[in-house]
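One structure is given below, encoded as structure tokens.
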Amino acid sequence: MPPKANAMKNFVEELKWRNMLHDMTPGTEELFSQGPVSGYIGFDPTADSLGIGNMVQVMTLTHFQRTGNKPIALVGGATGMVGDPSGKSAERNLLGVDQLNHNLECQKKQLEKFLDFEGANAAQIVNNYDWFKEMGFLEFIRDVGKHLSVNYMMAKDSVKNRLETGMSFTEFSYQLIQGYDFYYLWKHMGCNIQMGGSDQWGNITTGTELIRRMESGNVSALTTPLIKKADGTKFGKTEGGNIWLDPMRTSPYKFYQFLLNTADADIGNYMRVFSTLGREEIESIEAEHNEAPHMRLAQKRMAAELTARVHSSQDLKKAEDASEVLFGRATKEALMALDEATILDVFEGVPQAKVSKSAVEAGCDIVNLLTEQTGFLASNGEARRALKENSISINKSKVAPDYSATSNDLIDGKYILLQRGKKNYFLAIVE
RNA sequence: GGGGAGAUACUCAAGCGGCCAACGAGGACAGACUGUAAAUCUGUUGUUUUUUAACUUCGCAGGUUCGAAUCCUGCUCUCCCCA
């Protein structure tokens, strides 16, 4: 499914115009000028799904592959057992082995969707547990640990920041484990560069240093800037929590909505990072967007592309339909025309309650429907207040306080969409 | 251990015997406006079939009083000062 590599464009150049280059070791550009490169990025199995934040690194690999290079995605079966101290102010709790393996498997499946496993520069997914499981402690500290000084390791920010508050030996040794990964991939798979977020710079350079000291190897490191919103807040988080790639955690609809709500100030940057569109195309979309920002062409375009890539084009279609019904000028007619499956999908996650059919057929007073029948609103007083505010809609049309719901209001003979204001939905299932 | 201050609705914070369902601010929700944005303006924010009405609420339990969030007693908790 991922697009084939296009004409051999230079990866570093590609990252530069996408604003995705934060730092790289000297000699990195020469490395790419010599032909296809094999490189890797590691993923930490802290959860059983990748979050949208991880998409930055997924996209780094995607751009890497599209410029003709061979990507390796590493899932951290071994490193996950230890815990990366980077950016953490306190010791991490270790995950149980079962949990870890579960997370690993789930992340691996997700990663498989994004890379191309065919052709000359086919992607690979590896698990560092595979080469650590055989290795004994003595072997490791003798063959690997001997090459780096504690002084060197202590100079890393991830360690330095913890000297005051304390840090276990386990976390201290994390960089060595990750460094050895790089060595192993370099030695056995010809991997010449490790990439990652800028917070990984320290860990990555431990690897390049290790390779230099162990076998005088010369490899590169490259990091991408941490993506954040123009207002300085963290990307990928909402009041509702993290945005996940797993549809069970974050529905495709919510995923789509999250992207659609991107601020104008961020959209240009996001398009560069998250889409595979070329420079000219992005610039022309931006120009068009600036002509009529309220149309949010850029947001729609990016949300569509990413939703389709992460989920599927069917999921995208549903998300777009759902958005149209919820936010567009969808009329009562459009809503009434929806089939049952779409309704359930659109209103998945919307609070629901069952209402007896006989009550509705007899004509159900609106206040009663809002409170006793459904529990949508807390009290009769609140319901009356809301009605007075003209904020209650049934099936997208406003209703007066003296309204009575009847079977005419049923969608597909069994649903009534209640709404308070624009954003609060409630689905009454009548049966 | 001694002394002092306090506990009020989602949060902060007035009230110190009747006019208190309780000022005000923030938040939240809604309406107008709008781009499913921001800002702004307006309204609502204890329950009860709209009410000049009733009921439940001001840490907990009692008491004084025609009447208490407001006074008294005990309890619980929080904070501050001196040891």
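Note on naming: letters A, B, ... go to the chains in the order of the sequence lines (proteins, then strands), and numbering restarts at 1 for each one.
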Problem - Plane angle bin for A/Phe32 and A/Phe64 - parallel if under 30°, tilted between 30 and 60°, otherwise perpendicular - result: perpendicular

Handout entry: Aromatic ring pairing A/Phe274/A/Tyr270, orientation class (parallel under 30°, perpendicular over 60°, tilted between)
Key = perpendicular

Who is the Watson-Crick or G-U wobble partner of [N], with both distances under 3.5 Å?
N	value
B/rC71	B/rG63
B/rG24	B/rC12
B/rG35	none
B/rU51	none
B/rU78	B/rA5
B/rA83	none

Problem - Electrostatic pair A/Asp246:A/Lys109 at N-O distance under 4.0 angstrom - result: no

Handout entry: Salt-bridge contact A/Arg249-A/Asp48 (side-chain N to carboxylate O under 4.0 Å)
Key = yes

Distance between the [atom1] atoms of [N] and [M], in whole angstroms?
N	M	atom1	value
B/rA9	B/rA5	P	22 Å
B/rA30	B/rA38	P	12 Å
B/rU70	B/rU65	C1'	13 Å
B/rA22	B/rC16	P	16 Å
B/rC79	B/rC66	C1'	39 Å
B/rU76	B/rC60	P	15 Å
B/rA69	B/rG59	P	10 Å
B/rG3	B/rC20	P	39 Å

Grab the [atom1]-[atom2] distance between [X] and [N] for me, whole Å please.
X	N	atom1	atom2	value
A/Gln419	B/rU36	CD	C1'	12 Å
A/Arg301	B/rG35	CZ	P	23 Å
A/Glu324	B/rU36	CD	P	10 Å
A/Met295	B/rU34	CE	P	15 Å

Problem - Strand contacts (RNA chain B) in residues 259-270 of chain A, 4.0 angstrom heavy-atom criterion - result: A/Leu260, A/Asn261, A/Asp264

Whether the [X] and [Y] side chains hold a donor-acceptor pair (N or O, under 3.5 Å, no angle test) is what I'd like checked.
X	Y	answer
A/Glu340	A/Tyr415	yes
A/Glu281	A/Ser275	no
A/Glu29	A/Asn10	no

Exercise for the section: Would you mind telling me which residue lines up with the more 5' stretch of RNA chain B, A/His289 or A/Asn424, judged by nearest nucleotide? Expected result: A/Asn424

Exercise for the section: Take A/Pro293 and A/Gly421, find for each the nucleotide of RNA chain B with the closest heavy atom, and name the residue whose nucleotide sits nearer the 5' end. Expected result: A/Gly421

Handout entry: Contact under 4.0 Å: A/Lys423 side-chain N or O vs B/rA37 OP1/OP2
Key = yes

Practice task
Return the set of residues passing side-chain contact (heavy atoms from CB on, under 4.5 Å) with A/Ser407 (not counting sequence neighbours), or none when no residue passes.
Solution key: A/Glu361, A/Leu410

Exercise for the section: Output the single nucleotide from B/rG35, B/rA30, B/rC33 whose closest atom is nearest the side chain of A/Lys422. Expected result: B/rC33

Practice task
Pick base, sugar-phosphate or nothing for A/Lys398, based on heavy-atom distances below 4.0 Å to the nucleic acid.
Solution key: sugar-phosphate

Exercise for the section: Kindly state each residue pair satisfying side-chain hydrogen bond (donor to acceptor under 3.5 Å, both in side chains) with at least one member in residues 168-177 of chain A, sequence neighbours excluded. Expected result: A/Glu91-A/Ser168, A/Arg162-A/Glu171, A/Tyr174-A/Gln178, A/Gln175-A/Thr206

Fill in the blank from the handout: Applied to residues 288-299 of chain A, the side-chain hydrogen bond (donor to acceptor under 3.5 Å, both in side chains) test, sequence neighbours excluded, yields A/Asp264-A/Gln299, A/His289-A/Gln299

Problem - Within 6.0 Å of NZ in A/Lys388, more than 12 heavy atoms from elsewhere - result: no

All N/O contacts under 3.5 Å from nucleotides 54-57 of chain B to the protein, with atom names and distances to one decimal?
none

Problem - A/Leu50 side chain near A/Leu111 side chain, heavy-atom distance below 4.5 Å - result: yes

Practice task
Evaluate the side-chain proximity of A/Tyr256 to A/Ser323: yes if any heavy-atom separation is below 4.5 Å, no if none is.
Solution key: yes

Fill in the blank from the handout: Readout for nucleotides 39-51 of chain B: B = base within 4.0 Å of protein heavy atom, S = sugar-phosphate only, - = neither; 5' to 3' it is ----BSS-SSS--

